[in-house]
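Heavy atoms only: backbone and side chains are in, while hydrogens, waters and symmetry mates are out. Note that the coordinates shown come from a computational prediction; the quantities given were computed from them, not determined experimentally.
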Amino acid sequence: DVNPAAVLFYGWPREDLIGKGMSEINTLPEAEVRELVIHGGQQRSFFVFRHRLRSGAIRDVEVHASPIVLNGRPTLFSIVHDITDRVRAERQLVESEANYRRALEQASDAIIVSDRQGVILEVNARAEEIMGYPREEIVGRRLEDFLASEERERLPFRLRDLVEGRSVLSERRLRRKSGGYADVEISARDLGDGRIQAIVRDISERRRLEEQLRQAQKMEAVGQLTGGIAHDLNNTLVPILALTQF
């Protein structure tokens, strides 16, 4: 027997549904369905199946089944609940999480995700590389814990700006596990779901080149200064040397 909701869901008239075998509706072979129902000598009561409709569409369903006696005959009473939309949403979520994880790991910059209190929830491999710590020693701590001590006192993170919707860009010095330091540029924003994402770029090489450029400019300025002094001195000495020849 079936109820009107089953007729509406499957699309067959009641008289056509009655008498159908399991394999005409369930996408699994009948023997496999029976094996699932009676597993290890005990009858189970909850299943997730894929059922076929009259239209040919396949729907994901939850089945809650229990044995009853109907007119002196043992039967299986089943409540079928359509969960297709939920399963689709779950699959999309898994796919989006997988895509997010893939993008996270392939990023050339370090990515650090924290809550709004600054506690780190997730990092990618590049963050481990820059910070010099394994993931398990980063997650659960605050990003401020990895700043050079003078930076923590001089310029704390402005989490309030992030919560209020403003992006924050700053240059900081991170203390690595080895005891060394990494100069980084941090761009952070609130994701709107209680999490903050910080993109951390290692600028140590850029800082080194900038310092080399400053030193070169200093040397050039010193060279120009000494060249000018030599020129002025030469202008002064030429007439003196000329007079000494008489």
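- Closest heavy-atom contact between Asp202 and Asp183: OD1-O, 3.2 Å.
- Salt-bridge formation is not detected for the pair Arg142/Asp145: no Lys NZ or Arg NE/NH1/NH2 atom is positioned less than 4.0 Å from an Asp or Glu carboxylate oxygen.
- Thr27 places a side-chain N or O within 3.5 Å of a backbone atom of Arg50 that can act as its donor or acceptor partner.
- Formation of a donor-acceptor pair under 3.5 Å by the Ser114 side chain with backbone atoms of Leu121 is not found in this model.
- Atoms CZ and CD1, from Arg201 and Ile111 in turn, are 11.0 Å apart once rounded to the nearest 0.5 Å.
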side-chain contact (heavy atoms from CB on, under 4.5 Å) between Asp60 and Arg91, worked out: CA-CA 12 Å; Asp60 294 288; Arg91 287 172 183 157; 3.7 Å; yes
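- In this structure a side-chain-to-backbone donor-acceptor pair under 3.5 Å is missing from Gln106 to Ala103.
- For the pair Lys20 and Trp12, the minimum side-chain heavy-atom distance is below 4.5 Å.
- Look at Arg135 and Glu122 and you find a salt bridge, because one of the NZ, NE, NH1 or NH2 atoms lies within 4.0 Å of a carboxylate O, short of that distance.
- Using a 4.5 Å cut-off between side-chain heavy atoms of Ile, Leu, Val, Met, Phe, Trp and Tyr, with links allowed through other members, Val33 and Tyr10 fall into the same hydrophobic cluster.
- Expressed to the nearest 0.5 Å, how far OG of Ser187 lies from CD of Gln197 amounts to 9.0 Å.
- Listed here is the closest heavy atom pair of Pro74 and Gly72: CD-O, 4.1 Å.
- A continuous path of Ile, Leu, Val, Met, Phe, Trp and Tyr side chains, each step under 4.5 Å between heavy atoms, connects Val2 with Phe47, placing both in one hydrophobic cluster.
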side-chain contact (heavy atoms from CB on, under 4.5 Å) between Val61 and Phe9, intermediate numbers included: CA-CA 11 Å; Val61 296; Phe9 176 62; 3.8 Å; yes
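- Ion pair Arg14/Asp1 flagged as a salt bridge, since at least one NZ, NE, NH1 or NH2 atom sits closer than 4.0 Å to an Asp/Glu carboxylate oxygen.
- A 4.5 Å side-chain heavy-atom check between Ser23 and Glu32 finds every atom pair outside the cut-off.
- Salt bridge Asp190/Arg116: present, at least one basic N to carboxylate O contact under 4.0 Å.
- Arg86 and Glu90 are joined by a salt bridge, as a carboxylate oxygen and a charged side-chain nitrogen come within less than 4.0 angstrom of each other.
- Cluster annotation: Ile83 and Phe49 are assigned to distinct hydrophobic clusters (Ile/Leu/Val/Met/Phe/Trp/Tyr, side-chain heavy-atom contacts under 4.5 Å, transitive).
- Pairing each heavy atom of Ala110 with each of Ile130, the nearest pair is CB-CD1, 3.8 Å.
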Evaluation steps, salt bridge (charged side-chain N to carboxylate O under 4.0 Å, His left out), between Arg172 and Glu185: CA-CA 6 Å; Arg172 297 303 185 100; Glu185 181 181 80; over 6 Å; no
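- Of the inter-residue distances, the one linking Ile138 atom CD1 with Ile120 atom CD1 reads 6.5 Å to the nearest 0.5 angstrom.
- In terms of modelled atom types and a separation under 3.5 Å, the side chain of Asn99 and the main chain of Glu95 share a donor-acceptor contact.
- How far CD of Glu24 is from CD of Glu30: 9.0 Å, rounded to the nearest 0.5 Å.
- Using a 4.0 Å cut-off between charged side-chain N and carboxylate O, Glu97 and Arg102 make no salt bridge.
- Shown here for Ala6 and Leu17, the closest heavy-atom pair between the two residues is O-CD1, 3.9 Å.
- For the residue pair Tyr181 and Arg173, the shortest heavy atom distance occurs at CD2-CG, 3.5 Å.
- Asn26 contributes atom CG, which lies 5.0 Å from atom CG of Leu28 (distance to the nearest 0.5 angstrom).
- Within a 6.0 Å sphere centred on CG of Asn71, heavy atoms belonging to other residues, nucleotides or ligands number 12 at most.
- For the side chain to side chain contact (heavy atoms under 4.5 Å, CB included) with His51, the lone residue among Ile58, Asp82, Ile25 that qualifies is Ile25.
- Nearest heavy-atom pair, Phe46 versus His64, reported as atom, atom and distance to 0.1 Å: CD1-CE1, 3.3 Å.
- Within the 4.5 Å cutoff, side-chain heavy atoms of Leu143 are placed close to those of Ile112.
- Put simply, the side chain of Glu15 does not reach to within 4.5 Å of the side chain of Val7, judged on heavy atoms.
- Hydrophobic cluster membership is shared by Met22 and Val80, with clusters built from Ile, Leu, Val, Met, Phe, Trp and Tyr side chains linked at under 4.5 angstrom.
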Residues Asp115, Arg195; criterion side-chain contact (heavy atoms from CB on, under 4.5 Å); working and verdict: CA-CA 4 Å; Asp115 62 19; Arg195 297 180 303 161; 5.9 Å; no
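- Taking NE2 of His81 as the start and CZ of Arg59 as the end, the distance is 11.0 Å to the nearest 0.5 Å.
- A cation-pi arrangement is present between Arg141 and Phe146 under the rule of less than 6.0 angstrom and at most 45 degrees off the ring axis.
- Glu105 and Arg126 are not joined by a salt bridge, as no carboxylate oxygen comes within less than 4.0 angstrom of a charged side-chain nitrogen.
- The side-chain heavy atoms of Val63 and Ser78, taken from C-beta on, include a pair separated by under 4.5 Å.
- Arg189 places no side-chain N or O within donor-acceptor distance of the main-chain N or O of Ile199, the cut-off being under 3.5 Å.
- Between the Ser45 side chain and the Ser66 main chain, no donor and acceptor come within less than 3.5 Å of each other.
- In the hydrophobic cluster analysis, where Ile, Leu, Val, Met, Phe, Trp and Tyr join through side-chain heavy atoms closer than 4.5 angstrom, Tyr133 is grouped together with Leu147.
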